[in-house]
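A quick write-up on the structure given underneath.
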Amino acid sequence: MEPEKIKPITLMGANASGKTEIALELARKLGGEILSADSKQTYKYLEAGTAKPAGVWADTAAGRAYLVENVPYHLVDNLDPRSTYDAGTFVKEAKKVMAEIEGRGNAAIMAGGTGMYIQAFWNGMDDLPPANPEIRQELAALAEVGGKEALHAQLAAMDPAAAVKIPPGNIQRVMRAIEITRLAGRPVSQIWSGRFYNALPAHEGKFVFLKWQRDLLAERVKRRTVTRFEEWAAETRNLLAKGYPEDCPGLKTLGYPQMLDYLAGRLSKPEAIHAITGASMAYAKRQNTWFGRYRNALLITLEKYEDYDPAAIAAKIINA
RNA sequence: GCCGCGGUAGCUCAGUGGUAGAGCACUGGUCUGAAAAACCAGGUGUCGUUGGUUCGAUCCCAACCCGCGGCA
């Protein structure tokens, strides 16, 4: 008799909400492997700054893997900080890893805070042309001269419907809309299916949203920032010494700009900690807004510290 | 004790004789290959306290309280 196949579990939540610990607990209980949905932990050398779980690369029966407490932890620690990464690439790699995990008969546990990656993986993306560096460079140069308004005006000329949906200040999305329209040869607003943001496919797996009471999360974020600050500073200093530019993709991420300010003497240590904590909380708010849209996810609210019991939460998820 | 400066949003502060504003914080939201990104919306208030002048005081006057600096 074949054992019942365990459907993938997807664990979502803001940074510092304890996803990793619960994912490890689930992996131990189910004999599972973890698949990280985190846009920054994919980078090598970014450890303290991304709260990447400590692990080691080792040869296993299934090939080389990053092991955290002996649990395979996929899609982390494998990209140079100078490289870019994106949702499309993530989906492609994650599908492959997911298939391999299932092929081994193991439970897959996706854990992460990058809502867009989770969204793209489970709900898919419309068939849009991938990023084009030449066009982006050209558009960035145009924005340099004419400002964000000039770019938005260009979008309005080629696709009024898209221009209405995207505010001029949001230069990244304006550029992307122009890019798609040019590459596809027709207005992006006609290509968008408009059905991208809905619920998650609950029949394909379990979806869990860990939501902390704000002040408690702020306390956790602050404590984590203070605790790892020196290690983070050393790691960042080391990267600069190796020749990584301050504006490389890996370093253009939450907290690193403030850390670079600190290393350059533009911020004192308390100021840097305050700025990093503030940025992390602003990010947590966005994450909670994103995940809150999934009404069919299992919502686990944490209102007091005692509510955070990884083993109990893991059991609750398994029994849900 | 005296002199000076200050007391306005959670914080730092601007401002006006017609009940007030910015930045940050906070709250809600957007999101289709940069997403730890890039944005949109919302002002949340006993203007230190009590009196006085005035049609009207957060603003002018007095006293008091508190903080900072100086002189004793």
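We name chains A, B, ... by the order of the sequence lines, and we start the count at 1 in each one.
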Worksheet item: Are A:Tyr283 and A:Gln287 linked by a side-chain donor-acceptor pair shorter than 3.5 Å?
Response: yes
Worksheet item: Should A:Leu240 and A:Tyr262 be regarded as members of a common hydrophobic cluster, given that ILVMFWY residues are connected when their side-chain heavy atoms come within less than 4.5 Å of each other, either directly or indirectly?
Response: yes
Discussion item. Checking A:Tyr73 against A:Gln41: is there a side-chain donor and acceptor pair closer than 3.5 Å?
Written reply: no
Item to complete: Specify the residue among A:Ala279 and A:Gly49 whose closest nucleotide of RNA chain B lies further upstream toward the 5′ end.
Response: A:Ala279
Item to complete: Identify, between A:His274 and A:Leu254, the residue whose nearest nucleotide on RNA chain B lies closer to the 5' end.
Response: A:His274
Practice prompt. Report the distance from atom CZ of A:Phe121 to atom P of B:A35, rounded to the nearest whole Å.
Written response: 18 Å
Worksheet item: Roughly, in whole Å, what's the span from CD1 in A:Ile178 to C1' in B:A38?
Response: 14 Å
Practice prompt. Using a 90° cut-off around 0 for syn, call B:G33 syn or anti.
Written response: syn
Worksheet item: To the nearest angstrom, how far is A:Tyr283 atom OH from B:A35 atom P?
Response: 10 Å
Response to the item:
A correct 5'-to-3' footprint of nucleotides 27-34 of chain B, with B, S and - meaning base, sugar-phosphate only and no protein heavy atom under 4.0 Å, is BBSBBBBB
Practice prompt. Could you check how far CZ of A:Arg224 sits from C1' of B:A36, rounded to whole Å?
Written response: 10 Å
Discussion item. Checking side-chain polar atoms at under 3.5 Å, does A:Tyr244 have a donor or acceptor matched by the opposite partner on A:Asp80?
Written reply: yes
Practice prompt. For A:Met259 and B:A36, give me the distance from atom CE to atom C1', rounded to whole Å.
Written response: 15 Å
Worksheet entry | N-O pairing of A:Asp59 and A:Arg64 below 4.0 Å | yes
Practice prompt. Please work out if A:Lys148 contacts a base, only the sugar-phosphate, or nothing of the nucleic acid, heavy-atom cut-off 4.0 Å.
Written response: sugar-phosphate
Practice prompt. Searching all strands shown, indicate the nucleotide that pairs with B:G6 (Watson-Crick or G-U wobble; both distances under 3.5 Å).
Written response: B:C66
Practice prompt. May I ask you to say what A:Asp38 touches in the nucleic acid, namely base, sugar-phosphate or nothing, with a heavy-atom cut-off under 4.0 Å?
Written response: base
Worksheet, complete the sentence: Taken to the nearest whole Å, CD/A:Glu271 to P/B:U12 is 14 Å
Worksheet item: When rounded to the nearest Å, what value does the distance between C1' atoms of B:G21 and B:U58 take?
Response: 13 Å
Worksheet item: Would you call A:Glu93 and A:Lys96 a salt bridge, taking side-chain N to carboxylate O under 4.0 Å as the test?
Response: no
Item to complete: Indicate yes or no for a side-chain donor-acceptor contact from A:Lys40 to the backbone of A:Gly49 under 3.5 Å, with no hydrogens or angles considered.
Response: no
Fill in: C1'-based separation of B:U44 from B:G18 [nearest Å]
24 Å
Discussion item. Rounded to whole Å, please give me the gap between NE2 in A:His152 and P in B:C39.
Written reply: 13 Å
